[in-house]
Colleague: 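Please see the structure below; I have some questions.
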Amino acid sequence: MVAAGSLARPRGVHEALLEQHPCFGSCHETLSVAQRTRAVEIVYHCDDALRGWGYVPVYDIDGDRLWRAAQARNDPGYRGIAVRFGECIYRRLVGAMLHEVLHAVFGDPSRPNHGIPFGLPYAVPESVPERDEESYLAPFNFAEARAFAGVWVLAERVFELDWRVLNARDFATMCFPGGNALVPPPRGFRAVAHVDPEHHPERYLRRVRAVEEEALAWFTPAHLDEIVRTIEVAAAAGRSTRPRGYPSPADVARVSPRAWGRNDPCPCASGRKVKACCRDGARGEM
């Protein structure tokens with residue numbers, strides 16, 4: 001279960017892949033059938049791994065909104081993992097799946113959100129002294145850096161992709177105390193005054209890049225072998241409990257995107273239908 005009342009019926013991976021719409025990167029036109037087939041194979045593998053760990057991958061276009069609602073509640077029973085950010089089901093969905101799988105490898109998948117406290121990254125538990133905020137957040141920043149930069153490492157070195165996958169966002173989400181940005185925290189957490197990419201982009205990105213360089217250096221052949229073994233064990237467990245037979249990756253790769261309909265979920269991720277939301281804006285990614 002994801003959590004009571006949060007998702008009446010989580011959308012399955014097969015539904016997300018078969019119900020395609022045009023995406024901002026024109027993946028269907030710019031990637032070959034073989035490349036799209038490989039993308040679907042990777043999505044299936046990561047889906048198996050996440051379910052093998054006991055998570056429910058959420059493919060609904062507004063999955064991130066549902067996750068943030070669980071975050072605001074500090075919901076200890078939430079097992080959903082938002083993996084879909086926008087309509088792109090090749091470059092961006094593959095990247096998001098690899099990112100979440102890496103978080104599970106580096107974290108504690110027996111707990112919600114890979115064991116990362118729901119208040120992070122922009123808040124810390126109220127029990128953490130203000131002077132210790134930086135040291136408390138450092139290991140979580142490093143885990144985020146590995147899960148962010150590791151997407152490309154896994155894609156290239158493990159899955160041997162010859163095309164660029166995308167993370168859900170343009171830069172890693174980390175928290176560096178010492179700024180003036182504040183985000184409302186969930187119950188039991190204290191907001192951290194932090195450096196953010198909107199008001200201090202150069203300062204933020206300089207800190208992010210430094211952590212990412214350290215993270216990239218961590219990906220030695222030995223560490224990669226360990227990651228692959230961990231994912232394989234989880235994927236085998238998930239594969240044995242697939243809810244239904246999935247269409248072949250090659251068949252999915254040949255599905256053509258269809259035009260947006262009035263009753264489709266709006267691509268802005270509001271949770272509303274196109275006809276009740278952005279209407280004419282549903283011509284691609286928003």
Side-chain angles (χ1 to χ4, degrees), residues 24 63-75 78 81-86 92 95-96 98-108 111-154 164-219 223 268-269 285-286:
F24 77 99
D64 193 47
R65 180 183 63 84
L66 298 173
W67 182 86
R68 292 189 184 283
Q71 180 190 40
R73 298 191 305 271
N74 196 15
D75 186 348
Y78 190 75
I81 299 291
V83 295
R84 193 170 180 187
F85 298 83
R92 194 169 298 281
L98 292 175
H99 179 84
E100 295 301 334
V101 164
L102 283 168
H103 264 309
V105 169
F106 300 140
D108 180 358
R111 299 168 60 193
N113 198 35
H114 314 302
I116 302 171
F118 269 121
L120 269 62
Y122 304 124
V124 297
E126 292 175 342
S127 60
V128 175
E130 188 171 344
R131 66 178 180 276
D132 295 337
E133 288 176 349
E134 183 113 28
S135 60
Y136 176 84
L137 290 166
F140 295 102
N141 284 341
F142 187 55
E144 169 66 9
R146 284 187 295 172
F148 188 86
V151 162
W152 299 303
V153 177
L154 240 59
R164 188 73 161 171
V165 299
L166 300 173
N167 267 291
R169 297 175 178 84
D170 293 335
F171 42 77
T173 306
M174 302 182 202
C175 183
F176 304 107
N180 55 12
L182 291 171
V183 174
R187 184 177 64 254
F189 289 80
R190 181 183 70 254
V192 175
H194 61 277
V195 178
D196 79 327
E198 180 179 352
H199 299 96
H200 306 96
E202 292 184 6
R203 186 178 171 195
Y204 178 82
L205 289 176
R206 185 168 60 250
R207 296 288 302 272
V208 165
R209 299 297 181 241
V211 183
E212 285 182 353
E213 287 181 13
E214 183 182 356
L216 284 171
W218 181 89
F219 283 95
H223 282 148
C268 76
E285 297 275 309
M286 300 180 62

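Keep in mind the model is a prediction, meaning the values are calculated, not measured.
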Colleague: Mark yes or no for whether His194, through its side chain, and Gly179, through its backbone, hold a donor-acceptor pair below 3.5 Å.
Modeller: no
Colleague: Got a second to check how far Arg146's CZ is from His103's NE2, nearest 0.5 Å?
Modeller: 10.0 Å
Colleague: Is there side-chain contact between Trp67 and Tyr78, with heavy atoms separated by less than 4.5 Å?
Modeller: yes
Colleague: Keeping the roles fixed (side chain from Trp152, backbone from Val165), state whether a donor-acceptor pair exists under 3.5 Å.
Modeller: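 At least one qualifying donor-acceptor pair exists.
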Colleague: NE2/His114 to CZ/Phe140 distance, rounded to the nearest 0.5 angstrom?
Modeller: 13.0 Å
Colleague: Just by modelled atom types, is the Trp218 backbone N or O under 3.5 Å from a matching donor or acceptor in the His223 side chain?
Modeller: yes
Colleague: Identify, with sequence neighbours excluded, every residue that meets side-chain hydrogen bond (donor to acceptor under 3.5 Å, both in side chains) alongside Glu134.
Modeller: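 For Glu134 the side-chain hydrogen bond (donor to acceptor under 3.5 Å, both in side chains) partners, ignoring immediate neighbours, are Arg207.
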Colleague: Roughly how far apart are Asn113 CG and Ile81 CD1, rounded to 0.5 Å?
Modeller: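 Nearest 0.5 Å value for the CG-CD1 distance: 6.0 Å.
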Colleague: Quick check: does any side chain N or O of Asp64 sit under 3.5 Å from a backbone N or O of Arg84, one acting as donor and the other as acceptor?
Modeller: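 Looks like no, no N/O pair under 3.5 Å.
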Colleague: Decide yes or no for Val211 and Phe176: does some side-chain heavy atom of the first lie under 4.5 Å from some side-chain heavy atom of the second?
Modeller: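 A side-chain contact under 4.5 Å exists here.
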Colleague: Got a sec, which residues hit side-chain hydrogen bond (donor to acceptor under 3.5 Å, both in side chains) with Gln71, two or more places apart in sequence or on another chain?
Modeller: none
Colleague: Output the distance between atom CG (Asp196) and atom CG (Asn180), rounded to the nearest 0.5 Å.
Modeller: 7.0 Å
Colleague: If we ignore hydrogens and angles and just use 3.5 Å, is the side chain of Tyr204 paired with the main-chain N or O of Met174 as donor and acceptor?
Modeller: yes
Colleague: Roughly how far, to the nearest 0.5 Å, is the CD atom of Glu212 from the CD atom of Glu214?
Modeller: 11.5 Å
Colleague: Write down the atom of Gly95, the atom of Asn167, and the distance for their closest heavy-atom approach.
Modeller: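 Taking Gly95 first and Asn167 second, the nearest heavy atoms are O-OD1, 4.4 Å.
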Colleague: Run the salt-bridge test on Arg190 and Glu133 with the 4.0 Å N-O cut-off and return the result as yes or no.
Modeller: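 Salt bridge between Arg190 and Glu133, a charged N being under 4.0 Å from a carboxylate O: yes.
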Colleague: Atom CG in Leu154, atom NE2 in His99: separation rounded to 0.5 Å?
Modeller: 12.5 Å
Colleague: Is the backbone N or O of Ser135 less than 3.5 Å from a side-chain atom of Asp132, with the two atoms forming a donor-acceptor pair by type?
Modeller: no
Colleague: Looking only at heavy atoms, what is the nearest atom pair of Asp75 and Phe118, with distance?
Modeller: O-CE1, 2.9 Å
Colleague: Nearest heavy-atom pair of Phe219 and Phe106: which atoms, and what distance?
Modeller: CZ-CZ, 4.1 Å
Colleague: Answer yes or no: is there a side-chain heavy-atom contact under 4.5 Å between Thr173 and Glu144?
Modeller: yes
Colleague: Within the structure provided, determine whether Val208 and Phe148 are in side-chain contact (heavy-atom separation under 4.5 Å).
Modeller: no
